[in-house]
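Structure below; questions to follow.
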Amino acid sequence: MQTISTLHLVLTALLGTTVNACLPSVQARHATDATSTETQLKLLEARSRNTLSTIPHRKTILTNVRIFDGWRIGEPTNIAIDGDSITFDLRNARNTIDGQGGVLLPGLIDSHIHLSQMASLETLISYGVTTAMNMGCDNYTLCAAFREQPGLTSVFNAGQAAVKSNSTHATVFGAHGYVTSPSQASGFVAEVFGNGSDYMKLISESNGFGQDIHDALVNATHAQGRVSMTHAQDHASYVVAVASRTDGLQHVPYDIPLTQEMAHRIRRQGQFVTPTLNIARITVSNLTVEAIISPDANLTYEAGVTSLSRLLYAGVPILAGTDANDLAGSFLHGDTVGNTLHTELQLLTSAGMSEVDVLRAATVVPSYWHNLTRRGSIEEGYR
Ligand SMILES: *[C@@H]1O[C@H](CO)[C@@H](O)[C@H](O)[C@H]1NC(C)=O
Ligand SMILES: *[C@@H]1O[C@H](CO)[C@@H](O)[C@H](O)[C@H]1NC(C)=O
Ligand SMILES: *[C@@H]1O[C@H](CO)[C@@H](O)[C@H](O)[C@H]1NC(C)=O
Ligand SMILES: *[C@@H]1O[C@H](CO)[C@@H](O)[C@H](O)[C@H]1NC(C)=O
Ligand SMILES: *[C@@H]1O[C@H](CO)[C@@H](O)[C@H](O)[C@H]1NC(C)=O
Ligand SMILES: *[C@@H]1O[C@H](CO)[C@@H](O)[C@H](O)[C@H]1NC(C)=O
Ligand SMILES: *[C@@H]1O[C@H](CO)[C@@H](O)[C@H](O)[C@H]1NC(C)=O
């Protein structure tokens, strides 16, 4: 349930305090500096320069594939990939690959991730995750460099997360996008979008903003024709986030389950939810970690599953997101990028979603709710 891309700040803070001895691998990484923003920027910039001219434009036919069209898996058919686009026009292809009757899925979408390393894009693409929603940004130059690396996962970025100073996210996780009054909301939101962000991110937490600041931030975002994503992992914070009419609720309540009435209200208000079950499973499996991430509420995985079942009953759109963080290291064991989306899909299935709805949660549903073009489905001209 990390919500910001500054986990290194968090961990730096932790290193000086209680769990110092528990984080040797993170200390080692700090020492080499390979994960620093400066190093990553250089890697990304060099890669953009070198790959643009070298990716060959070849048309390739896939024969005998059964396409998932967002609802069902079709009869075996043929399709082609031409440059960066899907096409059903099979003329003038250079290569043919026999799909052997296998199922062809669109590129998967992870709707909640925290990126700071170029290597993560290579890992993500190797797991078929072709689009990722980066749920926080601490360096706008770095986020822009992640956006569209040829041949790798493409990334849509939140801005710097809005947070209350002295809240858990500020003190434990190092978030510093402070907003202290409703009157600052429009200025903060203008900076987020002025720096090229795709959507706004704000934090609802027990010691965080009051309702007034939430409402002002969401309203200011909507006034710009944009959408906002709100972190909320406990019941009380969810009440505030729902009332603010934020667009995307990130996580579900893991202390006291969401009531059915709240789930219906979420549906009526046209909001969507990214439950992030995998990170919850990791968090609740270690009391040290849970106490750091959620000092004020005791979390259980079961409360999250109950929350999800009420959302499903109400017909709320559910998006698959992992909260994977490429700087989590050994602190959040198992919170890795790429493979975790597949774990998340399994967990959503176990929690009661139908298999087709789970596939939709990582393809067509996020494409619609995150307003992505040419993604989430296998259609003529799609990416
Ligand atoms: C991003 O990080 C680089 C390298 O540390 C730094 O030079 C640059 O000023 C930062 N940019 C922003 C917008 O914070
Ligand atoms: C934050 O906490 C510090 C120390 O506890 C305190 O001095 C400061 O006034 C607090 N700031 C706000 C905005 O509450
Ligand atoms: C980008 O964000 C920074 C603060 O992070 C702010 O000082 C600057 O004005 C913003 N740029 C634009 C064009 O809004
Ligand atoms: C936000 O917008 C809603 C709906 O337009 C309005 O009722 C509310 O007063 C606004 N709140 C703030 C704090 O701007
Ligand atoms: C959705 O995408 C379209 C096309 O890219 C854009 O014009 C529009 O502003 C976007 N809407 C939101 C809410 O981001
Ligand atoms: C969380 O659980 C612990 C141990 O059972 C208990 O002492 C504490 O009061 C609980 N905290 C909350 C906020 O319910
Ligand atoms: C819980 O997490 C802490 C911090 O990452 C770690 O040091 C500790 O070994 C973990 N405990 C267990 C039982 O896995």
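Values in this document were obtained by computation on a predicted structure and should not be read as measured data. Start at 1 and go down the list; that is how both ligands and their atoms are numbered.
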CD (Glu355) with more than 12 external heavy atoms under 6.0 Å: no
Shell of residues surrounding ligand 5, defined by a 4.0 angstrom heavy-atom cut-off that is strict: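 Ligand 5 pocket, heavy atoms under 4.0 Å: Gly225, Val227, Asn371.
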Main-chain N/O of Thr35 paired with Thr39 side-chain donor or acceptor, under 3.5 Å: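 Looks like no, no N/O pair under 3.5 Å.
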Pair Tyr238 and His231, ring centroids less than 6.0 Å apart: no
Side chains of Tyr382 and Ser85 in contact at under 4.5 Å (non-hydrogen atoms):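 When only atoms from C-beta onward are counted, Ser85 and Tyr382 do not touch, as no gap falls below 4.5 Å.
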Any Leu142 heavy atom less than 4.0 Å from ligand 1: no
Interfacing atoms of ligand 1 (cut-off 4.0 Å, heavy-atom, Thr37): 1 (C), 2 (O)
I'd like a table of donor-acceptor pairs (distance under 3.5 Å, sequence neighbours excluded) in which one partner is a side-chain atom from residues 307-316, with atom names and distances.
from   : atom 1 : to     : atom 2 : distance (Å)
Ser307 : OG     : Pro253 : O      : 3.0
Ser307 : OG     : Leu258 : N      : 3.1
Ser307 : OG     : Ala303 : O      : 2.9
Ser309 : OG     : Thr306 : O      : 2.7
Arg310 : NH1    : Leu258 : O      : 3.0

Pairing of Glu148 and Arg383 as salt bridge, 4.0 angstrom limit: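 Salt bridge flag = yes for Arg383 with Glu148.
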Any donor-acceptor pair under 3.5 Å from Ser294 side chain to Ala297 backbone: yes
Asn219 N/O to ligand 4 N/O under 3.5 Å: yes
Charged N-O contact under 4.0 Å between Arg281 and Asp335: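 Between Asp335 and Arg281 there is no salt bridge, as every charged N stays at least 4.0 Å from the carboxylate O atoms.
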Under 4.0 Å to a heavy atom of Asn139 - the qualifying atoms of ligand 1, by number: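 In order of number, 1 (C), 2 (O), 3 (C), 8 (C), 10 (C), 11 (N), 12 (C), 14 (O).
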Numbering as shown, the atoms of ligand 1 that approach Thr141 to under 4.0 Å (heavy-atom distance):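 Counting from 1, the qualifying ligand atoms are 11 (N), 13 (C).
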Close approach, Ala216 and ligand 4, non-hydrogen under 4.0 angstrom: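 It does; at least one heavy atom falls under 4.0 Å.
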Salt-bridge criterion met for Asp82 and Arg58 (N-O under 4.0 Å):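 No, Asp82 and Arg58 are not salt-bridged.
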